[in-house]
Each structure stands twice: as structure tokens, then as C-alpha cells.
Peer 1: 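The structure under discussion is supplied below as C-alpha cells; questions concerning it will follow.
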Amino acid sequence: MAGILTMNNEQLYEIAKDAVNDAELRSSDIPPIDLYVDQILNLVGERLTQGSERYHDKQLTKTMINNYSKDGLITPIKGKKYNKEQIIQMLTVYTLKGTLSIGEIKRLLQGAYAVEGFDGTGLKELYDRHLDIKEVNREYAMAALRGIVERNDLDVDNDIDYISVICALSAFSAHLKSIAQAMIDDRFPEPEEPEEVKEKDKEKEEKKERKEEKKADKKQKKEEKKENKEKEKNKEN
């Protein structure tokens, strides 16, 4: 089954190259002064326009920043301005949230800050290193795509082969995500809940189950009553 438009491997690789062309703020792009939220959003928005068009509408928003603050991902601010460390904290969350959950990112950041001597300078270095490695990972992503197509002798002009490439990329992405999550669980596990909290959760769950059982029992009795009425009606007829 041929595609409507013909495509060769190189054309697919051009699509992929554009797809991984996202643009992010480096720590050196952030002014050495405290900034208002709108100033931060403008900085991020301007940088996004330097990447692929597909990323232009994936803006950082005030709501996101407020949620990061509520979840304890950004250290409390004084007044209405954010310092450089706080801005890098929000950018770290922003760049990872497409793959990891907020809870997982929080555990990562807490793990970093738990290291002796880790501070704003350490976060800046960690963030910049992340972006450096991400640059190299773009090439890894392209190499993975080429490997899937060429090693499996797939014809990307054929719709079924094209879909096979997409499925293979999705599975590969899921495996990498699972590895990252497993590493977080191994080094930075979720904190154990206090026994009191566990007991309360257990009681709440049991109460919910009892409520559902009563509801199901009531429904069953109602249906039985309706059924008996139908039987009585049929006998009379």
C-alpha cells in the first residue's frame, strides 16, 4: 500500500531532524538579576522561536510556574521576582516534564540538593551539562531512527513500513523512559508514609469499599424487587 506522497529515507531523516530541533535557554542566557514572571516567559518564548515550529506553542506559562512552586519544585521567592537559581529550577522541571512526572522530578531535585555542598552553582552546572548531553542525544536519536529503518530493511514510502517505524520508535522511547524511572526508584525512592497515614488511608479505602458494597447490594435488591413485580404481573395475566 503506497503512500499518497512518495518519500525516501533522506526525506524522513529531514523530518526527524526538524522534530528534535528544540531550543532552550542556557544558564548564560539568564540575566544576573532577579526577574518578574513575565520577563521569564518572554525569555523562554523568544528562545522557543529559534527552534522547530512544532515547539513554538509549548510555552512555559504562569500557571505552570505557580504549580511548580506549590509542589515545592521551586524554592520560595521573596517578593514577586525570581533569582537565577529559581529560574533554573523551573527550567529544569520544564525540560523534563514531557517524560517524567512532577513527583519523579521532585525526587531528582531533592536528591541533588541532598548532596553535600550542592547549591545554586551546582544546579547551574547540572542544568548546562544536561543541555550539552541533550545536544549529543539528538544525534543518538537520528542514529536510532536510521538503525530501525535500515537494519529492518523498511521502505518508508510504504504505509505499513512507515507505521512500523513509528511503532518501533514509540517502543524504544518507552524503554528509555522506563530505564530513567527505574534509576530514580533505585537511587531516590519515594519516602515511606508514616504508619498513621497508612492506617488512615487503609481505613478510607475500607470505608469506600463498604460504601460500594452497600450501593451494589441496594442495586441488586432493587433489581430483584423489579423482577419479582414483573413475575407477579405475568402470573396475573
Side-chain angles (χ1 to χ4, degrees), residues 1-29 44-60 64 73 88-109 111-112 123-190:
M1 183 170 67
I4 297 173
L5 298 174
T6 59
M7 176 183 284
N8 58 40
N9 289 1
E10 291 309 314
Q11 288 171 319
L12 172 62
Y13 300 150
E14 282 301 312
I15 291 173
K17 189 176 178 181
D18 180 68
V20 297
N21 182 30
D22 52 340
E24 293 172 299
L25 281 177
R26 292 258 171 187
S27 65
S28 57
D29 298 319
V44 175
E46 286 173 12
R47 180 49 55 93
L48 283 177
T49 62
Q50 296 175 24
S52 170
E53 190 174 340
R54 68 187 300 107
Y55 294 100
H56 291 185
D57 61 349
K58 296 184 179 180
Q59 299 279 351
L60 179 67
M64 288 181 191
L73 294 159
I88 294 175
Q89 286 170 350
M90 69 178 70
L91 292 177
T92 301
V93 180
Y94 178 65
T95 191
L96 294 175
K97 73 181 181 68
T99 304
L100 300 176
S101 70
I102 291 297
E104 288 165 339
I105 298 169
K106 185 174 183 178
R107 282 150 61 192
L108 273 183
L109 286 173
L123 180 66
K124 170 186 164 300
E125 291 171 354
L126 178 63
Y127 177 72
D128 284 338
R129 185 189 302 143
H130 163 63
L131 295 188
D132 288 340
I133 295 172
K134 192 173 178 181
E135 279 289 335
V136 179
N137 285 349
R138 289 188 178 91
E139 295 303 318
Y140 286 155
M142 295 298 296
L145 172 60
R146 289 177 186 274
I148 288 168
V149 173
E150 294 166 16
R151 289 176 190 172
N152 295 288
D153 197 25
L154 297 172
D155 177 9
V156 297
D157 192 37
N158 177 285
D159 284 350
I160 298 303
D161 281 6
Y162 190 83
I163 292 169
S164 293
V165 175
I166 295 169
C167 291
L169 288 170
S170 297
F172 186 47
S173 172
H175 286 150
L176 294 176
K177 178 179 178 179
S178 291
I179 292 170
Q181 290 173 322
M183 290 175 68
I184 293 170
D185 290 339
D186 182 70
R187 184 66 64 90
F188 311 111
E190 288 193 66

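If you read the sequence from its start, that first residue is 1, and numbering goes on from there. Please read all numbers here as calculations on a predicted model, not as lab measurements.
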Peer 1: Can you tell me how far CD1 of I148 sits from CG of D161, rounded to the nearest 0.5 angstrom?
Peer 2: 13.0 Å

Peer 1: Once side chain to side chain donor-acceptor pair (under 3.5 Å) is applied, what residue pairs with a partner in residues 170-186 remain, sequence neighbours excluded?
Peer 2: E104-Q181, R107-D185

Peer 1: Quick one: are I184 and L100 in side-chain contact, heavy atoms under 4.5 Å?
Peer 2: yes

Peer 1: Quick check on F172: does its CZ atom have over 12 non-hydrogen neighbours (other residues, nucleotides or ligands) under 6.0 Å away?
Peer 2: no

Peer 1: Quick check: do L48 and Q59 have side-chain heavy atoms less than 4.5 Å from each other?
Peer 2: yes

Peer 1: In the structure I gave you, are the side-chain heavy atoms of K17 and N21 within less than 4.5 Å of one another anywhere?
Peer 2: no

Peer 1: I102: what forms a side-chain contact (heavy atoms from CB on, under 4.5 Å) with it, not counting sequence neighbours?
Peer 2: Y68, D71, L73, V93

Peer 1: Testing L12, I15, N9, V20 one by one against L145 for a side chain to side chain contact (heavy atoms under 4.5 Å, CB included), which residue passes?
Peer 2: L12

Peer 1: Between Q11 and N8 (side chain of the first, backbone of the second, donor and acceptor by atom type, cut-off under 3.5 Å), is there such a pair?
Peer 2: yes

Peer 1: Does any non-hydrogen side-chain atom of N137 lie less than 4.5 Å from one of H130?
Peer 2: no

Peer 1: Kindly compute the distance separating CG (L91) from CZ (R26), expressed to the nearest 0.5 Å.
Peer 2: 12.0 Å

Peer 1: Please lay out, stage by stage, how D18 and E53 fare under the test side-chain contact (heavy atoms from CB on, under 4.5 Å).
Peer 2: CA-CA 9 Å; D18 180 68; E53 190 174 340; over 6 Å; no

Peer 1: Hey, what do you get for CG (D157) to OH (Y162), rounding to the nearest 0.5 Å?
Peer 2: 10.5 Å

Peer 1: Could you list all the salt bridge (charged side-chain N to carboxylate O under 4.0 Å, His left out) pairs where at least one residue sits in residues 139-155, not counting sequence neighbours?
Peer 2: E10-R146

Peer 1: Which value, rounded to the nearest 0.5 Å, describes the distance between T92 atom OG1 and L131 atom CG?
Peer 2: 8.5 Å

Peer 1: Say you draw a straight line from CG of L109 to CG of L123; how long is it, rounded to the nearest 0.5 Å?
Peer 2: 7.0 Å

Peer 1: Should V136 and D132 count as side-chain neighbours, where that means a heavy-atom distance under 4.5 Å?
Peer 2: no

Peer 1: Check whether more than 12 heavy atoms from other residues, nucleotides or ligands sit under 6.0 Å from atom CZ of F188, and answer yes or no.
Peer 2: yes

Peer 1: Donor-acceptor pair, D128 side chain versus E125 backbone, under 3.5 Å?
Peer 2: no

Peer 1: At what distance, to the nearest 0.5 angstrom, does CG of L25 lie from CD of E46?
Peer 2: 9.0 Å

Peer 1: With respect to D22, which candidate in Q50, R138, R47, K58 satisfies the side chain to side chain contact (heavy atoms under 4.5 Å, CB included) definition?
Peer 2: R138

Peer 1: Does a side-chain heavy-atom distance below 4.5 Å link T95 with K134?
Peer 2: yes

Peer 1: Looking only at non-hydrogen atoms, find the nearest pair between A23 and G51 and report the distance.
Peer 2: CB-N, 3.7 Å

